[in-house]
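Single-structure report; data block below.
Heavy-atom basis, side chains included; hydrogens, waters and symmetry copies ignored. Within every chain, numbering begins at 1; the chains are lettered A, B, ... in the order of the sequence lines, protein sequences first and strands thereafter.
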Amino acid sequence: MQFLFSNGHAITNFPVRLIYTIQEHPDTPEGILNVGVGAPSRTFRKAVARNRVKRLLREGYRLEKPAFEKLVQIKNKQVAVFFLYTDLNVLTQKEIQAKIQLLLAKLAVKINAINLSNEVTT
RNA sequence: CUACAAUCCCGAACUAUCGUGGCAAGUAAUUGCCAAGGAAAGUCUGGACAGCAUAGAGUAACCUACCGGUGAAUAGCCGGCGUCUCGCAAGAGGCAGAGAAAGUGCCACAGAAAAUUACUACCUCGCAAGAGGAAAAGGUGAAAACGUGAGGUAAGAGCUCACGGAUAAGUUGAGUAAUCAAUUUAUAGGGUAAACCUUGGGUGCUGUAAUGCCACGUAAAGGAACGCUUGAGAGCUACUCGCUCGAGUUCCAGGGUAGGCAGCAAGACUUCAGCAGUAAUGUUGAAGCUAGAUAAAUGAUAGUUUAGAAACAGAAUCCGGCUUACGAGGUUUGUAGUUAC
RNA sequence: CGGGAAGUAGCGCAGGCCGGUAGCGCACUUGGUUUGGGACCAAGGGGUCGCAGGUUCGAAUCCUGUCUUCCCGA
């Protein structure tokens, strides 16, 4: 967690903010994908609202998961991703899903780019 | 009928697809079962449970305050007594409901005076100034030394008497008791104890990140101060005395770890029915097993039912109570308005 | 899970222990000063003390409950 937040890069599609790190797969039995979701207690004071936002983010990721997971597997990377919700107004499930889809597409582009540059240097 | 306030009930169900946490079975794939609330909230309280302490004395601090019952316990609940407010009444609601006759303090402004009072007025003496008596009348104030009438007196006064009211103590009767009724005696002291305080009763301290066990790792090194029987420091948990232990203690800079298991889910348990009790509640029988995570689990989509599905809101050791928040519909009660008879 | 503090004028704070008159600074309004503005001088307006209930003759102050905000320990 600490490594992710201090060294990770961020992409924002308001109000969803995605923080990520990409590393070579270390050949450990740990998973290749580590995912978390968060809603700050400073914006959402009530526990019910925090849970609601986290569930929506989780659901949105779940629906977009299969394609993204396949890509990471092919490229043989270890990716850590954290979704943060930064606005007070809660959007509907469909809007959040669309935003997450866009974010993951951007991230996929970055993963491909890293792979290419690595191939060039080697 | 409408609006508002209070009161109690309820806090959606089902199907399909995908997904989350736990438990059980299985080598595994997988399958089956269970999965937030009436307040889970606030943390205002009472306990359970756990650890530490448990020679003693004194002081302080805190809590509590009509009676009986209930219950593990309580500042809860039920019933009663007293008292206050509202009301014509019936009745409804509130009460921190011991002591002001142990002591100290305070009572703005007004008023002569705010507690052993005397301005005007009254009476006696005196030409007057003044001295003495008395506390009825006036006015001020939230509050001015029991109220009415008669006697009495220089004028007056519970000074005396009659009736009535208040407080305290005693006796008799009713009641488990608080208390009530009757009666006798005494008293005349204004309020404030949610001012200090006094009296009766009670209270060890800390909290599940408690606590126990397992695993892993470092620095058992360095610097400073005090001390080693001429006693540093520690314990008896706020303090003092006293008692006991006692050779290390405290600080600085720096280093290491931040994992797991138990605690932790069958209980003052839930539902239904009977019985006892005015009630709170108790008891008997039957049936049931009903969350257990550790960044922290219940969601998404589509459809059906329904008059409607919208509010407040998410367990973290567990129970009892209190308080606060809350949609729609319904129950009961009150207030206001309108319409009809 | 446990402990504590605050709420008073548009803003920042006193007053609270020991009850009776709510005040200070900045800001605001008016007037003066200046050619004009700022600064300065003088005068003035504005709050019923977070909310509800109680004690008292009387409550910002005392007591109880409640709401909101903030801080601390592990």
Side-chain angles (χ1 to χ4, degrees):
Chain A
M1 284 286 282
Q2 227 160 25
F3 177 77
L4 174 64
F5 274 97
S6 50
N7 299 343
H9 301 277
I11 314 170
T12 307
N13 184 359
F14 185 80
V16 181
R17 184 179 174 84
L18 184 151
I19 303 166
Y20 68 95
T21 57
I22 304 167
Q23 295 175 288
E24 292 298 321
H25 193 260
D27 291 330
T28 52
E30 292 174 27
I32 56 163
L33 253 176
N34 294 320
V35 179
V37 296
S41 60
R42 205 157 270 285
T43 42
F44 300 100
R45 293 215 167 272
K46 305 278 186 182
V48 171
R50 280 201 299 280
N51 279 350
R52 171 81 188 157
V53 168
K54 286 195 277 187
R55 279 171 193 153
L56 289 175
L57 290 173
R58 225 178 259 138
E59 177 68 12
Y61 169 73
R62 184 181 72 79
L63 294 170
E64 299 300 325
K65 182 180 174 186
F68 185 69
E69 196 173 23
K70 197 174 279 180
L71 173 79
V72 174
Q73 232 160 11
I74 290 167
K75 301 292 179 189
N76 196 28
K77 302 282 181 190
Q78 186 180 35
V79 179
V81 179
F82 199 89
F83 293 98
L84 261 179
Y85 198 87
T86 54
D87 193 33
L88 196 68
N89 303 316
V90 180
L91 300 175
T92 62
Q93 163 62 24
K94 283 189 174 172
E95 287 172 300
I96 287 175
Q97 189 183 337
K99 287 184 187 296
I100 284 173
Q101 191 175 14
L102 210 108
L103 283 171
L104 287 178
K106 280 185 183 176
L107 187 58
V109 168
K110 294 215 171 197
I111 291 169
N112 283 326
I114 286 170
N115 222 12
L116 280 174
S117 63
N118 279 359
E119 281 171 6
V120 168
T121 48
T122 52

Option among A/Leu56, A/Val53, A/Val37 that satisfies the side chain to side chain contact (heavy atoms under 4.5 Å, CB included) test with A/Tyr85: A/Val53
Side chains of A/Phe82 and A/Tyr20: does their closest heavy-atom pair fall under 4.5 Å? no
Any donor-acceptor pair under 3.5 Å between the side chain of A/Arg55 and the base of B/G314? yes
Base-pairing assignment for B/G76 (Watson-Crick or G-U wobble, both under 3.5 Å): B/U70
Return the 5'-most residue of the pair A/Gln97, A/Lys54 with respect to RNA chain B, ranking by each residue's nearest nucleotide. A/Lys54
Sugar-phosphate only, base, or nothing, as touched by A/Arg52 at under 4.0 Å among non-hydrogen atoms: sugar-phosphate
Say you pick atom C1' in B/A316 and the same atom in B/A219; how far apart are they, in whole Å? 39 Å
Integer angstrom distance from the P of C/A52 to that of C/U29: 33 Å
Assigned partner base of B/G327, Watson-Crick or wobble definition, under 3.5 Å: none
With sequence neighbours left out, write down each residue that passes side chain to side chain contact (heavy atoms under 4.5 Å, CB included) with A/Glu64, or none if nothing qualifies. A/Gln97, A/Ile100, A/Gln101, A/Leu104
Check this one for me: any side-chain N or O of A/Arg58 less than 4.0 Å away from OP1 or OP2 of B/A295? no
Roughly how many Å apart are C/C70 and C/G23, using the C1' atom of each and rounding to a whole number? 26 Å
Base of B/U290 relative to its sugar, syn (within 90° of 0) or anti? syn
Greater than 12 external heavy atoms within 6.0 Å of A/Arg50's CZ: yes
Pick the P atom in B/A309 and in B/A302, then give their distance to the nearest Å. 15 Å
Strand-adjacent residues in residues 59-66 of chain A, judged by heavy atoms under 4.0 Å from RNA chain B: A/Glu59, A/Arg62
Between B/U294 and B/U20, how many Å separate the two C1' atoms, rounded to a whole number? 16 Å
Say you pick atom P in B/C81 and the same atom in B/U176; how far apart are they, in whole Å? 14 Å
Mate of B/U7 across any strand shown (Watson-Crick or G-U wobble, both atom pairs under 3.5 Å) is none
Involving RNA chain C, stems made of at least three consecutive Watson-Crick or G-U pairs, both distances under 3.5 Å: C:1-7 with C:67-73, C:10-13 with C:23-26, C:28-32 with C:40-44, C:50-54 with C:62-66
Euclidean distance for P, B/G71 against B/U283 (whole angstrom): 7 Å
Pairing partner (Watson-Crick or G-U wobble, both distances under 3.5 angstrom) of B/G299: B/C18
Side chain of A/Leu56 only, please: which of B/A300, B/G314, B/A297 is the nearest? B/A300
